[in-house]
Every structure is written in structure tokens, then in C-alpha cells.
Amino acid sequence: MSRRRVHDSYEDVYGADRGYKKRRRGGSESNDLEDRLESLVLKVGENTTSTIESNLEGLASVLDGDIQNFKKKVLKLLVECAVNMPEKCTIYSTLVGLLNAKNYNFGGEFVENIVRSFKDSLKNNSWNEARVVLRFIGDLVNCHVVSASSFVQLMGSLLDVTKEDGVPNVRKDWYCYAVMSCLPWVGRELYEKRESPLEMLLTTIEVYLNKRPKKHVNMLRIWSTDVPHPQEEYLECLWNQIKKLKHDSWTETIIPRPYLTFDNVLCEALQHNLPPIVPPPHHNACVYPMPWVVYRMFDYTDVTDGHIMPGAHSIERFLVEEHLQQIIDMSCKNRKECATNLMNFVHKNKVPLEYCIVEVIFSLMFHQPKPKYLEVMFGSVFIELSKLSTNTMPLVLAQTTEILYSRIESMHVCAFDRFVSWFAYHLSNFKFSWSWQEWADCLALDPEHPKPKFVREVLQKAMRLSFYERMRDIVPPDFEPLLPEKPEPKFKYAIEKSTLPGQFLSNTLLTKIRNKTTPEDIIEILKEPLMSENGEIMEPADIGISNPTKVDAFVQTLLFIASKSFSHAFAAITKFISVFKALGETDDGQLQILRSTFELWSADQQMLTVLIDKMLKTQIIECSSVANWIFSKDMIPEFTKLYIWEILSLTINKMSRHVDRLTRELNEAREKLRTTAAISNSSDDSDTETEKAEVKPRQLTTTTFGGQGVPMDVDDNVTEEMVERMEEKLEMAQADQKNLFLIVFQRFIMILSEHLVKCDTDDRPFDTYWYKYTVGRLQQVFLAHHEQVQKYSSTLEGLLFTQDLDIHILEVFHQFLALRS
Amino acid sequence: MTEISSYRDQHFKGSRGELDKMLRISTTMYVGNLAFYTTEGQIYELFSKCGDIKRIIMGLDKFKKTPCGFCFIEYYTREDAENCMRFVNGTRLDDRIIRTDWDAGFLEGRQYGRGKTGGQVRDEYRTDYDIGRGGYGKNAQPKADMIIFGRNKDALPMD
């Protein structure tokens, strides 16, 4: 067979490329050929009518023919394919195998290149990439490119990491995981060729897994029970799957192995020995992947017809899940493409596709410490999937919702939040149709039970996307107790003649503000002593501005006048910012502002959240005040409602973003200082929504922030002095951040200890719904902000999480420490 | 999904090149096909799923100063706005498929409808009956009795 002919017949496979060939005539032939080769390599195995084997054979011949001209390019391209298209691993390994069989030197150079890529990813902490490349190298053993013995040696030296002392467990975990996840690919070949060294590797893994601590697991679990499905830590789960794979003589049914067809060609080829690879040693800047717990929601009994769901310990489950995740990773920026690619999953005829997809997406959505992508990304992909699979997907999603609801008592509160948010969003995209009556069981339960709580929170969230009357119409009448309040302001001073101490002041303010009085005039009014309606001064006469009654009258009146929409409220706050600042001069003043805002808007959780967000951005209130307010006695009835935690989370995030930005800016400035000659110039630190000119003494001692993470360009002319000022600013912000965490954790400890002691004295079980909820929230704060909290863990250990603490509370802290230990 | 669409604001003061450049770095979205009764709060709830919102400007009827079915949303970052194009564009709010598009940035005056009757131009020439947007198009209002016989009284155009 002449090269030319292979060339032509190969082109027939890619009909679209024929036009390309015509256009090429007369052009720069070599560049065109290069581009064409690239496109052929990238697309091999996709959308063809002929078999993958014949494509590969053709492509190998074409590449081999042109190898002397394009060697560098081809090497680079093949390594890139191995790294970036893990789902086509065996296709590219076969291609490399065929090329190696034709050209031993080329094979050798490829091995060199892929090994370099592996070492680089290890050095750069690109852990997932490293794992993919390692697997590819393993698959090269199957294609007779790499010798089995040298690969076993490599695995052995990677597993040596599990015997290191004084390194984080997460480091050992990753190396163990990387080796294990090669075994579905190369296990059989190693078993045939190097059985006893393989056994030794497996023993090393088992020894490591048996002795490693598993304290972190309870914090990462989505389900607190193993009924009906055991929730295993990822290494444990994969190990069980590997053991079963071994038991099945290392055979599986998922991985396509095109190299088997070429066995007669490949077995002739000479193999290369991998050079010795020593894992780069641990240093403090290394960040390893966090452990996780494999999310299980379905088993074969949930799938009523069609293909059978592989068991939790069958390697097929792992392979399918991993592949589906790769599809999502690759098309995560295009929801339609993502849904299409998922529905076109190559193994859709081997598994119950919709169930597998739904389980994988929920596992990513519930992933701890945070979802892998935006929650709305998952929600929008489900919508697209429902359009593509109109017969099955909506049913599977409904079944999933039922399952999640029925097991909600054991669901972690982090997942609870995301479930509520997704379901409300999903309903709003499907006209809110749901058979609520089937959930009527929740009506008879304790209101703190997760079931009624879930329904109440879903209706609340759904209302925020819709409106009150719609919610009232979609649920049966007996669900009324779970309906949200109608979101209206409750203006305390609405009755002009009331005997409230702030009534007269409120009446005055109402008229003044409606008549467009200036903020300065309002401050003057607030300085006057409180008066009753008949003009008498109330005793004791108080000319201070931070009198709680005055604060209350102002905040309630202004926000009531501006209650029509967010825009009205924001405009009012902006206009009267100087009044707010004066009232919030003290911590008590800030707390009173929060209390008054809450009393006005307690029926509108969204408005309340948005207003507090605005007050943080405009620095009317500090983060620490919000934390103090949330844990205050007044808020006890609200404490187990979802929006409270939304507010706490946005508060902590605001602080974290601020510290992050200052850190980044300082680093940039230091860098500039090193590289440029410094000329004095003042820096612009107007990173707040407040006027730049308005420099108040308070701003020097407290954190300032506003707009989110918009990178501020550090001035080109950086001086020593400026860097010092930035350092000071960062230190101050970090002190505030530490203080915030101390407040939050201390309050948690206080309320939990109080509860535990009380239950002990009353001889009641402590494990109430409230307790489980609150511990879950404590875990959530640790998890969601783990990067920031980590920085202060020794302070926390020294000041708060001390040995004399109740073991239940201390346990949460230890779980947190174990996440990165 | 984050590419710039073919729509260009005809009232933009500047060259086509300048407009395109601004669209490519903008953090502002135009949102269309909203129901007239959709509130700022609902828009906030949906769009904040993609990131923190700097501000929302409701589109208003030039004369009546009531919402007329569009708005502008400004995010703090381009990334958040891109996610809005990816994951919110083409999904539902108040049962309507809403459309988002890049906008060069809000300027005073742009909050008002540009149609002769005060609303959006598209609502002048629409011939379908759209209960969320005041019934029939302004220039295609059929005779009153047709509406009453054709729809229940709740579906009368709002005025």
C-alpha cells in the first residue's frame, strides 16, 4: 500500500477536509499540511462513519510519512492531546503505539516529552493534569511503548510518598489516588506481565489506607447515615472498586481499547524504559487537592427500566462518573453544549444515562467545601437536559427530588441550602408545577424538622423569583402555615398618634424627608431631645444622636419612605449616608440600625439581605456588628432560617475579598518596587462606595471596602512609603478579619455549650433538630471559608477551641484541621 | 454563548468600532422580554446567581414611568456578566424566556422606552397577544369587543 493511497482513503473519511485540499493548491503547502495534520489529530475518533481502528491506522501512516518535517509539532500536539483530552486517552495511546512501532526513535522522544510534562505538572501543583498524564503513561504500557517493569517502578516510587514523614496526609493521599486511578487502564497488563511487583504495590496501598486518619470524613459527608447507600471517602471507595476489579481478573467493560486490534503490530514494537522519576519534595507552597466523600444517591433499585446501574464498588461506576465529569469540565461554559455532550455520552448504551448524569451533577453541586461551578450553571444544564430528554429527564429529576426530600433529615445543611435554591429555581423555570400534596406529611411534623423547613424555604426562595400570590396559588390550602409572609414593610410608626417614644420624632422626620430636607438638617433634628406629641421634652433629656429611639425612628421612617423598591432604598441610603454614619459611630448604634431595619423588613428576607449588603458596602455597619446581631437574643426566632446564613456568608465573604485584594495589591506594589525606580506619588485607595474626600477618623481604624474584587491598578510609581502604608492597611484588615472569625466562632461555642449543658442538667437528649442544624452551620462556616480560617487556626486553637471545651464542639474544629493536615 | 450579538444601539454616540470595543469590556447587560409586572427584586434574585450586582436600572415607559419590559444590570466584574450570558440568557423569569445582551453601559435617559407611545418599540408593532406586556401591540390593538370575547377579563391589556 503506497503512502499516497492511504492518504487518499484517509481523506475520504473526513469528507469535509477535501475542500480544504483544493483550496490549498498554490498556497503555502507546508503550513497548510501542518494545519491539516493538527486538525486530523485533534479530531481523530470523533464523528466518523468508519471504525476508529481504520482512522488510527490511516492517521499513523500519514504522520509517519511526514514525521521528519513536523516532528516537533507532532510531539507537542500529541502531548497536548494526552493532557487535554483524557476521555480519548486510549485513542492517542494507540496512535503513539502505532507510531512507535513504525519509528522507535520517535516513540522514545515522545516518552521523553510526556515524562517531562508529568514532572512539570507535579512541580506546578497541577494535580489533575498530573493524574491524567500518569494514566496516559500507564496506557502506553498497553501499547508496547513503555515497559511494564519501568512503569511498575514509577508507581512504586510515587507510592513511596505515602511512607514520608512530616508531610501532609493530603500529599500522600494524592499520590496514592494517582496510582490507583491508573489501574483500571493498566492493571490487566501489569497482572499478566509483572504480577508480583503489582501485588507489592497493592499491599503498599492497603497498608497506607489502613493507617491513614479519617477524621475529616464526617465534615465532608452530604448524608449523615450510610442508609440506604454507604457514603465512602474517595480513596476508600476507589480502593474497594480496585479490589473488585482485581477479583474480576482486572477486566472491565467501559474503556475502549483500540490497541487490541493492533496487537500483532504492537507486540513487535520495542519498548522504552521510563527514566527514574522522583516526586518533587513537599514544601510549604504546595497545595494538594482536598479529600471528598463520594456522593451516592441511586442504586440499581431506583432504575425501573432500561440499563442496570453499576454497583457502588464496580469500577464501571467510577469510570462512567469520571468520564461524565470530564464532559462537564470541558463544556462547563456552554450549558447547551454541555447537555448535548452528556446526552451523547459514548457509553449511553451500557448505563442508565439520565440517572448517572443526575447523580454526577448533584455530586458536583453538593461538593464540599463549595460547588465546583456556579449553582446556576448546574440548574441551567438540568433545564437543557430536560429539553433534550423530554421523556426521561423530567421524571428522573422528579424522582431525585422525592429521594432527596425523603432523606432530608440526614442531609448536611450545606447541601440543604443548595437543594432549596436549585429546586426553587427549577420550579420557576417549569411554571411551579409540583405535586405538593405528596409532601403533606411534613405538615404534621415539628416545624424545626428538616421536611417542613425545606418546603418553607423552597416557597420562600420561589417567591423571591416570583411573587407572594403565585405561591399562595400553587400550594394546597393546608400548606398555608408553610407559606412565607407577604413581603411588606412593618412600619412601627405608621399610626401617627401612637404612644411610642419615637412617634413624634418619626412624624417630624417623615414630613421633613418628604419635603426633601438635607441630611445636615436631619442630623440637627436628631440632636434635639426626644419630644412627645404635645411638645414636652421626654425625661431624661438626651441630646446625643445615638439614642436607640432616635436611631430607630430615623431608620424605620427613612426606609419606610423608600420601601417601594431596592432602587428607592439604595437612593435613600446614599442620600442620607452621613446621617447613617453618625448614628453608627458606635457598635451599639450599628446594632440598633440592624435591629430597626430588621423590624421594618422582617417579612421580606430578600430586602433585608440586600439592605444589609448595601450597608456593609457603604460602611454604615461593620462586619463584626452583623455577626453580633445574628447571634443576638433578638434573632433567636430567625436563627434556623436560611437567609440568616446567607447574610453571615455574604458578610464574611466581603471581609475575605477585601483582605484578598489588599494582599494582591501589596504583592503587586512590592514587585513594582523591586523592578522600578520609585518616584513619590500618592496612591488611590478609593475602593469604597463612599466619597473619597470623606476621610473620617473611624476609617483609619477599621476595614473599608465596597466594590467587589475589581482589580485596582497599582500606580507605576511605587515608593517605599506607599508599600509601608499598604502593609499597615493589610495588617489592619487582617486584624479585623481575625476579629470577625473570633466573634463568629465564640458565639457558636457559647450557644452550643449552653445547649449541651442545659440538656445535660435537664437529662434530655442533646441531639435536637436545633443542635444538628447549628453544628451543621458551624461546619459550614469552617468549610466555606476554610482558606481564610486556616490562617488563624492556631489563634482559634489557643483562644477558643481549647481542651476544656465540650468534645462535640471540639470535634468540629478537629475535623476542620484534618482537611488539610 | 458570551459573544456579542448582532444588535447595536442606534443611539450610541460614537463609532461602531468604539461601541464594539466597549461591548467587549462591558460589565453591563441589557435584559429584554421581561413582563411589565416583573419587579426589581425578582430580577435581583435571578441575576445575582451569577455574581454580585452593582445596580439594576429598570426600563420605564417614557410617559407613564412604569416598567415597560426591559432593564439594565451592571455587575462588578466581566466574569460575572459572562456567566450571566452563559447561564441566565434564555431561561425563564415570570414564565417568560428572557434575553440578555451586552450593553455599552448605562447612560441617563436610556431607562426610557423609545417607542412613540412611551414603551419599547417592539411593543408598538407586535401583533401577538402578550398578557405579560400589556396585551396586543400598541398599533395592533384590535377592537375592544374582540378582546372581551377572545380572552377572559383578567387578560385585558393593562392600562
Within the structure provided, determine whether B:D94 and A:F467 are in side-chain contact (heavy-atom separation under 4.5 Å).
yes
Should the heavy atoms of other residues, nucleotides or ligands under 6.0 Å from NZ of A:K431 be counted, would the total exceed 12?
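Not more than 12 within 6.0 Å, no.
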Any chance NZ of A:K387 has more than 12 other-residue heavy atoms, nucleotides or ligands included, within less than 6.0 Å?
yes
So does A:R464 get a backbone contact from the side chain of B:Q42, meaning a donor-acceptor N/O pair under 3.5 Å?
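No, B:Q42 side chain to A:R464 backbone: no donor-acceptor pair under 3.5 Å.
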Return yes if some donor-acceptor pair links the side-chain N/O of A:R335 with the main-chain N/O of B:R86 below 3.5 Å, else return no.
yes
Rounded to the nearest 0.5 Å, how far apart are [atom1] of [X] and [atom2] of [Y]?
{"X": "B:N83", "Y": "A:C332", "atom1": "CG", "atom2": "SG", "result": "9.0 Å"}
{"X": "A:K333", "Y": "B:E82", "atom1": "NZ", "atom2": "CD", "result": "7.5 Å"}
{"X": "B:S48", "Y": "A:Q606", "atom1": "OG", "atom2": "CD", "result": "7.5 Å"}
{"X": "A:K654", "Y": "B:D52", "atom1": "NZ", "atom2": "CG", "result": "5.5 Å"}
{"X": "B:T38", "Y": "A:L465", "atom1": "OG1", "atom2": "CG", "result": "11.0 Å"}
{"X": "B:F87", "Y": "A:E375", "atom1": "CZ", "atom2": "CD", "result": "12.5 Å"}

Anything in residues 565-573 of chain A with a heavy-atom distance to chain B below 4.5 Å? Please list those residues in order.
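Listed by number, the contacting residues are A:S565, A:F566, A:S567.
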Residue B:L93 versus chain A: region with a heavy atom under 4.5 Å
side chain
Please state whether the side chain, the backbone, both or neither of B:I53 comes within less than 4.5 Å of a heavy atom of chain A.
backbone
Looking only at heavy atoms, which two atoms of A:L374 and B:C50 are closest? And how far apart?
CD1-CA, 4.0 Å
Restricting to non-hydrogen atoms, name the atom on A:S421 and the atom on B:K49 that form the minimum distance, rounded to 0.1 Å.
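Minimum heavy-atom separation between A:S421 and B:K49: OG-NZ, 3.6 Å.
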Checking B:D95 against A:R470 for the side chain to side chain contact (heavy atoms under 4.5 Å, CB included) test, could you report, in this order, the C-alpha distance in whole Å, the side-chain angles of both residues, the deciding distance, and whether it holds?
CA-CA 12 Å; B:D95 297 337; A:R470 186 87 192 265; 3.1 Å; yes
Under a 4.5 Å cutoff for heavy-atom pairs, which residue among A:F430, A:Y425, A:F432 has the most contacts with chain B?
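Greatest number of close heavy-atom pairs with chain B: A:Y425.
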